[in-house]
Amino acid sequence: MLRDQVFLLPPDMRDWLPDDHLVWFVLDVVEMLDVSAFEACRRRGGVGAAGYDPRMVLALLVYAYCRGVRSSRQVERLCHTDVAFKVLCAGDIPDHATIARFRAGSEDAFAGLFTQVLMIAARAGLARFGTIAIDGTKIPANASIDANRGQDWFDQQATQIATGIVEEAADVDASENAQACHDGGEANGDRVPTALADRSGRAQRIRRAAAELAEQQQRLKADDEARKMAAQARLEASRAGRPVRGRIPDGPLRLAEARAHLERELRDHQAKLARRAALIAAGKKPMGAPPVPTEEHSRIIRARRVVAAAETAATAAGNRQAPAKSLPKTVANITDPDSRVMPTRRGFLQGYNAQVAVTSDHVIAAVDVNRNPNDMGSFVPMMTAAVDAAAAAHQATGSPDHQIGLVLADAGYCSNSNLNAPGPDRLIALAKSREQATAALRSPTDGPPPVGATTREAMAHRLRTAEGAKAYKRRGATVEPSIGTLKTILDRFSRRGIAAARSELNLAAAAYNIRKIHTAAV
């Protein structure tokens with residue numbers, strides 16, 4: 001084994017890698033793109049060396065994301081050691097700070113990059129929009145869940161920050177005024193106190209987090225007031241003898257409404273008994289079977305059970321002791337104030353809710369990021385984004401494959417507004433996938449839904465038909481593998497803030513689609 005053996009590399013970089021390597025395809029794609037949005041952040045003139053070509057840095061960044069490499073320092077290291085990265089940067093290795101600044105400065109341009117790559121996929125015969133599946137996944141933010149703080153902590157920090165800034169400003173002003181007088185200038189407060197610069201941005205993030213916390217508290221207070229008003233309206237309707245639909249909500253008025261409901265049932269049943277007795281006293285024969293005794297009436301038995309359950313809940317609430325140190329209900333993260341605590345199957349994480357719309361051939365058609373743990377409010381925006389993408393693809397190609405036929409979504413998106421919203425035909429599950437499949441197997445049906453059925457009843461009927469069950473079964477096989485592959489590219493956001501997270505998701509989705517096009521072309 002001769003480790004000191006001298007090797008001669010080919011003089012042409014095109015001989016370093018095989019013709020079907022992903023690097024060449026990324027370079028070809030970048031050459032086809034309109035990079036004017038990336039050119040806007042290029043440094044021209046001034047002191048120092050000329051700025052790097054945006055096409056080169058963009059190709060480097062896209063290929064790195066295709067490989068699942070998001071760290072700018074790791075990209076710089078690979079430019080020293082990896083042949084593919086050497087080809088991309090043509091041996092001119094950019095510093096990690098240059099790569100990071102390019103990614104941050106091009107934040108608004110990555111949405112356009114994703115759109116252009118999607119149009120390339122459409123022209124290549126991919127992105128078949130006949131069936132679209134929408135789903136969400138939680139992606140961790142560049143922040144720790146332990147960095148969440150409550151209102152008391154923010155009040156304490158606000159006092160400390162305000163006090164520290166005032167004292168520091170006074171000291172800096174005094175020293176600068178003394179220096180200005182020593183230099184023969186005038187003592188004034190017009191000079192910028194550079195010592196006050198907070199390089200870490202901690203004070204600014206704390207202020208943002210405090211503002212986010214105040215917004216959450218206002219929203220929760222408004223929701224609480226709305227719930228109280230709705231519960232009071234239900235109670236008044238029940239006491240007035242009007243029927244109230246739905247389960248009695250938890251809260252201080254639960255027992256009162258349960259008792260009002262029982263009184264209404266007793267009153268209605270006594271009225272039936274009185275009418276029958278009046279007919280018999282008048283010598284008339286009542287029609288129908290005689291009413292059951294009050295104590296045996298099913299509605300009264302059920303109403304008394306509801307009252308008993310409400311009494312038990314009220315007693316438990318009265319006996320419940322507050323913990324010695326209760327956790328705050330509303331918190332904000334001081335590292336990434338835009339991020340939220342998200343529930344997942346494996347517990348909780350600090351992050352964002354990433355929404356993805358995928359075509360039947362596993363091309364990502366639309367992405368978005370929000371801070372709501374629930375998916376319900378994301379259906380219409382994602383469906384609209386998919387419709388716009390399909391329209392753009394159809395305009396570019398004229399292919400019937402680039403028209404949406406059916407939108408699929410799981411039970412997390414089910415609501416009356418989503419079922420009735422204008423747009424393409426859709427199948428939205430009313431229950432979990434296993435329950436949905438069991439209902440279709442045990443209670444199959446066919447034909448149109450019954451006349452007068454509600455939107456939910458019509459959807460339940462359609463999902464139990466053979467065609468509906470078969471169509472909905474494609475949802476999981478369409479979107480879930482794509483999300484799994486996407487998370488091999490982006491399993492954690494690198495930058496902080498919802499705008500930065502949305503930008504990075506667009507970049508990752510563009511890299512995902514480039515990989516799909518390359519795989520289909522090879």
Side-chain angles (χ1 to χ4, degrees), residues 22 26 61-72 74-75 78 103 107 110-111 113-114 117-118 121 126-127 132-145 336 338-375 378-379 381-382 385-386 408-410 412-413 433 474-520:
L22 179 60
V26 169
L61 202 55
V62 168
Y63 179 73
Y65 270 73
C66 286
R67 289 271 303 271
V69 179
R70 302 183 308 280
S71 167
S72 57
Q74 179 67 5
V75 173
L78 288 171
R103 182 170 56 183
E107 186 173 282
F110 287 123
L113 170 68
F114 170 74
V117 171
L118 181 61
L126 301 178
I132 291 287
I134 298 174
D135 204 356
T137 183
K138 310 300 191 301
I139 298 181
N142 186 5
S144 170
I145 195 171
D336 184 356
D338 288 346
S339 63
R340 293 288 185 270
V341 178
M342 298 282 175
T344 69
R345 295 179 179 177
R346 299 181 179 179
F348 292 88
L349 60 83
Q350 188 75 32
Y352 295 95
N353 188 350
Q355 295 290 317
V356 183
V358 181
T359 64
S360 58
D361 55 349
H362 301 97
V363 172
I364 296 179
V367 293
D368 194 18
V369 173
N370 62 63
R371 299 178 291 181
N372 191 346
N374 191 292
D375 291 333
S378 302
F379 179 78
M382 290 302 297
L408 304 174
D410 62 19
Y413 297 89
S433 298
R474 297 202 303 268
R475 185 206 67 83
T478 300
V479 67
E480 291 178 3
S482 299
I483 288 180
T485 304
L486 178 64
K487 294 184 81 169
T488 64
I489 297 174
L490 182 65
D491 62 350
R492 185 184 188 91
F493 289 112
S494 302
R495 299 178 57 233
R496 295 164 181 167
I498 189 169
R502 186 176 291 114
S503 171
E504 190 171 9
L505 182 60
N506 275 291
L507 172 58
Y512 169 95
N513 283 342
I514 287 175
R515 283 172 47 175
K516 292 294 294 184
I517 303 170
H518 176 254
T519 302

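Just so it is clear, the structure is predicted and the values come from calculations on it, not from any experiment. Numbering of residues begins at 1 and proceeds along the displayed sequence. Side chains included, hydrogens not; waters and symmetry mates left out as well; all remaining heavy atoms used.
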Report task. Scan Thr137, Asn372, Asp375 and name whichever one has a side chain to side chain donor-acceptor pair (under 3.5 Å) with Asn353. Result ->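 So, applying the side chain to side chain donor-acceptor pair (under 3.5 Å) to Asn353 and each of Thr137, Asn372, Asp375, only Asp375 qualifies.
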With the side chain counted from C-beta on, respond yes when [X] and [Y] share a heavy-atom pair under 4.5 Å apart, and no when they do not.
X      : Y      : result
Tyr512 : His362 : yes
Val479 : Ile134 : no
Glu504 : Tyr65  : yes

Shortest non-hydrogen contact from [X] to [Y]?
X      : Y      : answer
Thr359 : Ala127 : OG1-CA, 3.9 Å
Val69  : Val75  : CG1-CG2, 3.9 Å
Phe114 : Ala366 : CZ-N, 3.8 Å
Ser339 : Gln350 : OG-NE2, 2.9 Å
Ile132 : Ala357 : CG2-CB, 4.2 Å
Tyr352 : Ile498 : OH-N, 3.4 Å

Requested in this report: Identify whether the distance between the nearest side-chain nitrogen and carboxylate oxygen of Asp338 and Arg496 falls below 4.0 Å.
Outcome: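 No, this pair does not count.
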Query raised in the report: Any ion pair linking Arg70 and Asp491 (charged N to carboxylate O, less than 4.0 Å)?
Result: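 Yes.
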Report task. Evaluate the side-chain contact (heavy atoms from CB on, under 4.5 Å) criterion for residues Leu78 and Tyr63: first the C-alpha distance (whole Å), next the side-chain angles of each, then the deciding distance (0.1 Å), finally the verdict. Result -> CA-CA 12 Å; Leu78 288 171; Tyr63 179 73; over 6 Å; no
So, [X] side chain and [Y] main chain: donor-acceptor pair closer than 3.5 Å or not?
X      : Y      : value
Asn142 : Phe493 : no
Arg515 : Cys66  : yes
Ser503 : Ala499 : no
Arg475 : Ala133 : no

Query raised in the report: Roughly how far apart are Thr344 OG1 and Lys138 NZ, rounded to 0.5 Å?
Result: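 These two atoms lie 8.0 Å from each other.
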Query raised in the report: Nearest 0.5 Å, what's the CG-CD1 distance between Leu22 and Ile514?
Result: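 One gets 8.0 Å once the value is rounded to the nearest 0.5 Å.
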Test of understanding: with salt bridge (Lys or Arg N to Asp or Glu O under 4.0 Å), list the residues that count as partners of [X], not counting sequence neighbours.
X      : answer
Arg103 : none
Arg492 : none
Arg67  : Asp82

Requested in this report: Determine the sole option in Leu490, Ile489, Ile483 for which the side chain to side chain contact (heavy atoms under 4.5 Å, CB included) test with Lys487 is passed.
Outcome: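 Answer to the side chain to side chain contact (heavy atoms under 4.5 Å, CB included) test with Lys487 among Leu490, Ile489, Ile483: Ile483.
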Query - Option among Val367, Val117, Leu113, Ile364 that satisfies the side chain to side chain contact (heavy atoms under 4.5 Å, CB included) test with Asn506 - result: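 So the option named by the test is Val367.
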Report task. Just do the side-chain contact (heavy atoms from CB on, under 4.5 Å) check on Asp135 and Tyr413 with the steps written out, would you? Result -> CA-CA 9 Å; Asp135 204 356; Tyr413 297 89; 4.2 Å; yes
Query raised in the report: Without hydrogens or angle criteria, can the side chains of Asn370 and Ser378 be said to hold a donor-acceptor pair below 3.5 Å?
Result: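 Yes, side-chain donor-acceptor contact under 3.5 Å.
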